[in-house]
Amino acid sequence: MGLNGKVVFITGASAGIGAATALAFAAEGAKLLLAARRFEKLESVAKQALERGAEAVHTFGLDVRDQKAVEKSIAELRAEWAAVDILVNNAGLSRGLDKVYAGSIQDWEEMIDTNVKGLLYVTRSVVPGMVERGSGHVINLGSTAGEMTYPNGAVYCGTKAAERAINDGLRQDLLGTKVRVTSVDPGMVETEFSVVRFRGDEERAAKVYQNIKPLTAEDVAETIVWVASRPAHVNIARVLMTCTQQANSLLFARDA
Ligand code: NDP
Ligand code: 8X3
């Protein structure tokens, strides 16, 4: 399916996988709706996207945890932006690595509110239009963490297991509407993810990627564009992808 002129809405487009996905769709001539909380970073991605060939870009500050703001900002989109063809539910984060019985309740709420409830709020606001128009594609960011839980990561893994269930349920609920639903589930990707997880501790974050060549945000973006560009009768349900040195959430072959 050609992506030229398609309206692609990406949440969490200010960094990492979301920013790389914006640039990858830009290279296909898409129209980009980009949202995140850090507006300055979003503006910089928008500038690069226009240079890469995006037909147009519209940015807006959005915290996906704020249900009213999600509803309002999507309801207020001008007609040329309101008919979203592809929604990439990418906004997400992890906080901490702790045993469940010792974890921070604030961290849990942040992860659950962003990765699960935020995804649902955006989906609830965008998908009815897709159903009305009889076309659209929702691409959700899952993770190897949703397939296999790892120690000290139960709550983050739980949010990605929820994403997996919601992805599958949404695809079932949309059967017969021509709206497609895909989960792209990467393993370790080197982005701001670990710096955010460890609240700015760059040294600890760097250790996550030591002696391994992880996936890049661009690897994942390329996959997202690939699933979106399949012919309209093809729905890729789920893509599980890792770097070659990772087998699952727990098994890595680090260089000596
Ligand atoms: P980054 O930290 O690099 O980027 C996360 C993005 O999400 C940022 O643009 C951030 O923008 C945005 N975001 C976070 N919270 C909110 C919020 N409340 N409202 C709006 N936007 C928000 O991480 P990644 O690019 O790695 O992560 C992107 C997605 O990929 C996440 O869902 C993550 O769980 C998933 N993933 C990541 C993997 C990895 O190893 N990196 C592996 C598998 C999945 P801002 O702060 O400006 O709001
Ligand atoms: C991100 C990958 O393994 O850090 O979803 O949880 S992991």
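The first residue in the sequence is number 1, and the count goes up from there. Keep in mind that the numbers below use all heavy atoms, side chains included, and drop hydrogens, waters and symmetry copies. Both counts, for ligands and for their atoms, begin at 1 and track the order of listing.
Ligand 1 is approached by Gly142 to a heavy-atom distance shorter than 4.0 Å. Note on ligand 1: Gly187 sits in its first shell, one or more heavy atoms being nearer than 4.0 Å. Heavy-atom distances between Arg65 and ligand 1 reach below 4.0 Å in at least one pair. The closest approach between a heavy atom of Leu62 and any atom of ligand 1 is below 4.0 Å.
Nearest protein neighbour of atom 40 (O) of ligand 1, counting heavy atoms only, is Val189 N, 2.9 Å. Counting protein heavy atoms only, atom 31 (C) of ligand 1 is closest to Asn90 O, 3.2 Å.
At a heavy-atom cutoff of 4.0 Å, ligand 2 is surrounded by Ser143, Ala145, Tyr150, Tyr156, Phe193, Arg197.
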* Would you check, one step at a time, whether the test side-chain contact (heavy atoms from CB on, under 4.5 Å) holds for Asp85 with Val8? => CA-CA 6 Å; Asp85 294 299; Val8 182; 6.0 Å; no
* Would Leu141 and Val88 count as a side-chain contact (heavy atoms from CB on, under 4.5 Å) if you check the C-alpha gap in whole Å, the side-chain angles of each, and the deciding distance to 0.1 Å? -> CA-CA 8 Å; Leu141 262 294; Val88 184; 4.1 Å; yes
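When atom types are taken as modelled, the side chain of Ser125 and the backbone of Val122 share no donor-acceptor pair closer than 3.5 angstrom.
Here the closest heavy-atom approach between residue Cys157 and residue Met148 is recorded as SG-O, 4.3 Å. Listed here is the closest heavy atom pair of Val181 and His137: N-CD2, 4.1 Å.
Listed by chain and residue number, nothing satisfies the salt bridge (Lys or Arg N to Asp or Glu O under 4.0 Å) test with Glu28 (two or more places apart in sequence, or in another chain). When the ring pair (Phe, Tyr, Trp, His ring centres under 6.0 Å) test is applied to Phe25, no partner is found at least two apart in sequence or on another chain. Scanning for side chain to side chain contact (heavy atoms under 4.5 Å, CB included) contacts around Lys41 gives Ser14, Arg38, Glu192, with sequence neighbours left out.
When the options Glu192, Lys160, Glu190 are ranked by their closest heavy atom to atom 35 (C) of ligand 1, first place goes to Lys160. Nearest residue to atom 15 (N) of ligand 1 from Met188, Lys117, Arg37 is Arg37 (criterion: closest heavy atom). By heavy-atom distance, the residue among Gly92, Gly118, Ala22 lying nearest atom 5 (C) of ligand 1 is Gly92. Between Phe39, Tyr156, Phe193, it is Tyr156 that holds the heavy atom closest to atom 34 (O) of ligand 1.
At a 3.5 angstrom cut-off on N or O pairs, Val64 counts as close to ligand 1. For ligand 1, the polar-atom distance check finds no N/O of Ser143 at less than 3.5 Å from any of the ligand's N/O atoms. Some N or O of Ile17 is nearer than 3.5 Å to an N or O of ligand 1, by distance alone. By the 3.5 Å distance cut-off applied to N or O atoms, Gly12 is counted among the residues near ligand 1. In terms of polar-atom proximity, Asn115 is not counted as a contact of ligand 1, lacking any N or O under 3.5 Å from an N or O of the ligand.
No hydrogens or angles considered: a donor-acceptor pair under 3.5 Å links the side chains of Asp255 and Gln245. At a cut-off of 3.5 Å, with distance as the only test, a side-chain donor of Thr123 or Asn89 sits close to an acceptor on the other residue.
Under the 30°/60° scheme for interplanar angles, the aromatic rings of Phe60 and Phe9 are found to be tilted.
Hydrophobic clustering of Ile, Leu, Val, Met, Phe, Trp and Tyr side chains at less than 4.5 Å, counting indirect connections, unites Val138 with Val126.
In this structure, Lys47 pairs ionically with Glu51, as a charged nitrogen and a carboxylate oxygen lie closer than 4.0 Å.
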